[in-house]
Amino acid sequence: MKALEERILKDGQVLGENILKVDSFLTHQVDFRLMKEMGQVLADAYRSKEITKVVTIEASGIAPAVYVAESLEVPMIFAKKHKNITMTEGILTAEVYSFTKQVTSTVSIASKFLSSEDRVLIVDDFLANGQAAKGLIDIIQRAGAQVAGVGIIIEKSFQDGRQLLLDAGVPVTSLARIEKFQDGQVVFAPADI
Ligand code: G4P
C-alpha cells in the first residue's frame, strides 16, 4: 500500500539490524486517518470471505484491528497478555515466544467470544517470526472457529512468519513488506496490496 510505504520512508527509523521504529503513527501514537485507510484496504481484501470476527493481540494490534472490524462491521477481540481478575470462565490460552523481545507470554481469549460459527480474520501490526499469529490461530481453532486469513500492516519478509502461516494453510495479506534494511534504509518487497 503506497501511502503506508511512503509513511514508513518518511517517519520510520531503522534500529540496529532488524527493528523498525514506527511509534509516531502505528505502535505508540496512532494516525487515525492512515489507520482507517489501512483498515478499509485490509477489510476489502477479505470482504467476500464473510468474516464474523476480527482477532488481534494487545497492545499495538488493537488500533489497526479496530478499523478493520469497523469496515467489516463485525466485533474485534483482542487477546490479553495478562490475566485479568474478571476473566473467570472458559479461557483459551496459548504460549507465545517473542524472538524480538525474548520473552514468552501467555495470551488468552475468553471462549464465549468465539464459536464454530465464526470465520475469523487475524490482524496485527507486525509480522516477524509469526509466533503471535500462530498462537492466535491455535486459540481460534481450539474454539472450533475457522481462520480465514491474517492481515498484517508491516511484514518483515526476511523473517520466517509468512512461511510459517502459509505452511499452516492460512493466507497472509500484508500492506507493506520489508525485504531488508540496507545502510539504515528500508528496502521494500512487492506488497500484497
Ligand atoms: P512474531 O509474533 O511475528 O513472532 O514477532 P516477534 O515475536 O518477533 O515480535 C513480537 C513483538 O515485537 C510484537 O509486539 C511485534 O509487534 C514487535 N515487533 C517485531 N518486530 C518489530 C519491529 O521491527 N518494530 C516494532 N516496532 N515492533 C516489532 P508485541 O510483543 O505484541 O507487543 P506490543 O508492542 O504490541 O505490545
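For ligands, and for the atoms within them, numbers begin at 1 and follow the listed sequence. Model, not experiment: these values are computed from the prediction.
Regarding atom 19 (C) of ligand 1, its nearest protein heavy-atom neighbour is Thr100 OG1, 3.6 Å. For atom 26 (N) of ligand 1, the closest heavy atom belonging to the protein is Leu20 O, 3.1 Å. In terms of protein heavy atoms, atom 16 (O) of ligand 1 is closest to Asp125 OD1, 3.4 Å. Among all protein heavy atoms, the one lying closest to atom 15 (C) of ligand 1 is Phe126 CB, 4.0 Å. The closest protein non-hydrogen atom to atom 21 (C) of ligand 1 is Lys156 NZ, 3.4 Å.
Heavy-atom distances between Asn18 and ligand 1 reach below 4.0 Å in at least one pair. Heavy atoms of Gln159 stay at 4.0 angstrom or farther from ligand 1.
For ligand 1, the atoms sitting less than 4.0 Å from at least one non-hydrogen atom of Lys81 are 29 (P), 30 (O), 31 (O), 32 (O), 33 (P), 36 (O), numbered in the order shown with element in parentheses. Annotation for ligand 1: atoms under 4.0 Å from non-hydrogen atoms of Asn129 are 1 (P), 3 (O), 4 (O), 5 (O), 8 (O).
Relative to atom 2 (O) of ligand 1, the option among Ser105, Ala132, Gly135, Gly130 with the closest non-hydrogen atom is Ala132. Which of Ala128, Gly61, Ser98 comes nearest to atom 5 (O) of ligand 1 through a heavy atom is settled by distance: it is Ala128. Here atom 4 (O) of ligand 1 lies nearest to Gln131 when heavy atoms of Gln102, Gln13, Gln131, Lys101 are compared. Across the listed options Ala59, Gly161, Ala63, Ala59 owns the non-hydrogen atom lying nearest to atom 36 (O) of ligand 1.
Under the 3.5 Å distance criterion, the side-chain polar atoms of Asn129 are left unmatched by any main-chain donor or acceptor of Gln131. The backbone N or O of Glu155 lies less than 3.5 Å from no partner atom in the side chain of Ser174, so there is not a single donor-acceptor pair. The backbone N or O of Glu179 sits nowhere less than 3.5 Å from a side-chain atom of Ser157 that would complete a donor-acceptor pair. Here the side chain of Ser71 pairs no donor or acceptor atom with the backbone of Gly39 at under 3.5 angstrom.
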TODO: Just do the side chain to side chain contact (heavy atoms under 4.5 Å, CB included) check on Ile154 and Asp125 with the steps written out, would you?
DONE: CA-CA 6 Å; Ile154 302 175; Asp125 56 338; over 6 Å; no
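Heavy-atom neighbours of Lys81 NZ from other residues, nucleotides or ligands within 6.0 Å: above the threshold of 12.
Residue Asp118 holds its CG atom at 12.5 Å from CD of Glu50, rounded to the nearest 0.5 Å. Rounding to the nearest 0.5 angstrom, the gap separating the CG atom in Leu4 from the CZ atom in Phe25 is 6.0 Å.
The nearest protein heavy atom to atom 10 (C) of ligand 1 is closer than 4.0 Å.
In the hydrophobic clustering (ILVMFWY side chains linked at under 4.5 Å, chained through shared members), Leu166 is joined by Val55, Ile57, Ile77, Leu92, Val96, Val107, Ile109, Phe113, Leu114, Val120, Ile122, Leu127, Leu136, Ile137, Ile139, Ile140, Val147, Val150, Ile152, Leu165, Val170, Val172.
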